[in-house]
J.: 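Just passing along the structure, written as structure tokens.
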There are 2 protein chains.
Amino acid sequence: MQIELNTVYNEDCVDGMKRIEDKSVDLLLTDVPYGMEFQSNYRNVKHIKIQNDNNLDWLPRWMKEIDRVVKEDAHLYIFCSHHNIEIFKSEIQKYRKVKNILIWEKNNTGMGDLYGDYAPKYEFVLFCSNGKKKLNGGRDSNIIKANRTQNDLHATEKPVDLMEYFIEKSSVEDDIILDPFAGSGATPIGAKNKRRNYIAFEIEETHCNTINKRLKHIQASLF
Amino acid sequence: MQIELNTVYNEDCVDGMKRIEDKSVDLLLTDVPYGMEFQSNYRNVKHIKIQNDNNLDWLPRWMKEIDRVVKEDAHLYIFCSHHNIEIFKSEIQKYRKVKNILIWEKNNTGMGDLYGDYAPKYEFVLFCSNGKKKLNGGRDSNIIKANRTQNDLHATEKPVDLMEYFIEKSSVEDDIILDPFAGSGATPIGAKNKRRNYIAFEIEETHCNTINKRLKHIQASLF
DNA sequence: ACTACGGTTGAATCCTGAA
DNA sequence: GTTCAGGATTCAACCGTAG
């Protein structure tokens, strides 16, 4: 392994992943940029625009690298939206089997067209598995409720709860979890809480600093 | 109009729809064959295998015809599953805007891989709109809960409640509603209950007879 | 335990005005 | 004409607190 475990790398993930050994990752859990040029206009808080979110050109190279580093029977969880789910699913299916599409049901609905559309209340999570690896715990449904957390840190912050849930369903202690788009850091933080190893990339320096602060805070409180 | 309203035609819908006038349909509400060769093993009831369900060759011709007969600003609701949502969405998008993907959340979970997968609890409904037509009533979320109904009529029976909900959101009295894959008849029955007109096709004679019986029953009870 | 009520919030979309 | 950036806007769901 030419890469350090339990580190958040401030670099482009497609480059950085090249230093990860073949078939060494036990779980992929990530929230990719949706390719929507999203910038939150939420009230007074102005978040940094998501980098490289104006197109999905990175997707084929990214997926190829993911397939190289993630174990054959590992589970993959990839967040995406209804706007371009067909693009993500089609690309991922070139390498891995999309076994299910999970629904993260949020506690509240979003903005958008007020009169001509239904209010958005969920995010998709593409769940990939070749079928050999079992899920830990009982048989849960493919609709998962989890409350949104504060979005002071990141425009599209994911709840640590939800990440920990997926981590426990699909990995054991000391496994290696990869998140190429760490964002607010929910995956590395969840991994640390649950005593798994993580490899994380985040291209935005500000977010990297936030993640490292949050991780340090856990260290102080856990031990 | 060369076609009779409020009739269930026992024929292939791609042929039958040719008799519908251009841009004459106010709402499309249908549960297409998912292309999975589905045959329910539910309890003792053996359902008829869904015809033409082993492939999706019909889809391009079907969608072209749908686009011809449905009004430009009309809403389209097309049920589909996660297995091939990308195929349906991509094909539909050649003609219409998929504005949202609705989740029909069922009261119970389905079968499937008991150990290596999450239990299926929903169906997708592709919601298409060019954005000009408003939805009736309040602003509802894109997750819609509706109980499954008895499964003795049809393998993939949809609740009449749910169809009536969509009918009321997206049409007014005397509108024309099209269902090219009528199945158990939830759409024509919902349409009749809500005093809309329907055009329905169902290739399987047994199902046609069932639908007509159910429709007759409404006539008796409504008037 | 239950209801009532106030406070808070949203991976968006539309519209307007400037370039 | 066209594109683009930024500002205003919804109401249903949920939570916490109080009665």
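Worth knowing before you read on, the calculation uses all heavy atoms, side chains too, and leaves out hydrogens, waters and symmetry mates. Protein chains get the first letters and strands the later ones, always in sequence-line order, with residue 1 at the start of each.
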J.: Between C:dT13, D:dT9, C:dA11, which nucleotide gets closest to the side-chain atoms of A:Leu114?
T.: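 The answer is D:dT9.
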
J.: Sequence neighbours excluded, which residues qualify as side-chain contact (heavy atoms from CB on, under 4.5 Å) partners of A:Asn197?
T.: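 So A:Asn197 forms a side-chain contact (heavy atoms from CB on, under 4.5 Å) with A:Leu5, A:Asn6, A:Asp174, A:Ile176.
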
J.: Looking at C:dG10, D:dC15, C:dA11, which one has an atom nearest to any side-chain atom of A:Met111?
T.: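 Of all the options, the side chain of A:Met111 is nearest to C:dG10.
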
J.: B:Gly138 near the nucleic acid: base, sugar-phosphate alone, or nothing, with a heavy-atom cut-off under 4.0 Å?
T.: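 Here B:Gly138 touches the backbone only, sparing every base.
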
J.: Where the side chain of A:Asn107 is concerned, which of D:dC14, C:dA11, D:dT10 is the nearest nucleotide?
T.: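 Side chain of A:Asn107 sits closest to D:dC14.
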
J.: Would you tabulate the side-chain donor-acceptor contacts of residues 124-134 of chain A under 3.5 Å, counting partners in other chains and residues two or more places apart, or write 'none'?
T.:
{"unit_1": "A:Ser129", "atom_1": "OG", "unit_2": "A:Gly131", "atom_2": "N", "d": "2.9"}
{"unit_1": "A:Asn130", "atom_1": "OD1", "unit_2": "A:Lys132", "atom_2": "N", "d": "3.0"}
{"unit_1": "A:Asn130", "atom_1": "ND2", "unit_2": "A:Glu72", "atom_2": "O", "d": "3.2"}

J.: Look at B:Arg139 and D:dA13 and indicate whether a side-chain polar atom (N or O) is within less than 4.0 Å of OP1 or OP2.
T.: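 False: B:Arg139 side-chain N/O out of range (4.0 Å or more) of D:dA13 OP1/OP2.
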
J.: Return one dot-bracket line describing DNA chain C 5' to 3' (Watson-Crick or G-U wobble pairs, both distances under 3.5 Å; ( ) same strand, [ ] crossing, | another strand, . none).
T.: .|||||||||.||||||||

J.: Is the closest side-chain donor-acceptor distance between B:Lys97 and B:Gln93 under 3.5 Å?
T.: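 On atom types as modelled, these side chains do not qualify, holding no pair under 3.5 Å.
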
J.: Using the ring of B:Tyr95 (Phe, Tyr or Trp, six-membered ring only), decide whether B:Lys64 places NZ or CZ under 6.0 Å from its centre and within 45 degrees of its axis.
T.: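 Relative to the ring axis of B:Tyr95, which defines the angle, B:Lys64 lies outside at least one limit.
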
J.: Could a donor-acceptor pair under 3.5 angstrom be found where the side chain of A:Asp31 meets the base of C:dA11?
T.: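 Present.
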
J.: Relative to the 5' end of DNA chain C, which residue comes earlier, A:Thr109 or A:Asp117, by the nucleotide with the nearest heavy atom?
T.: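 Between the two, 5'-proximity favours A:Thr109.
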
J.: Between C:dA11, D:dT10, C:dT13, which nucleotide gets closest to the side-chain atoms of A:Ile50?
T.: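 Looking only at side-chain atoms, A:Ile50 lies closest to C:dA11.
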
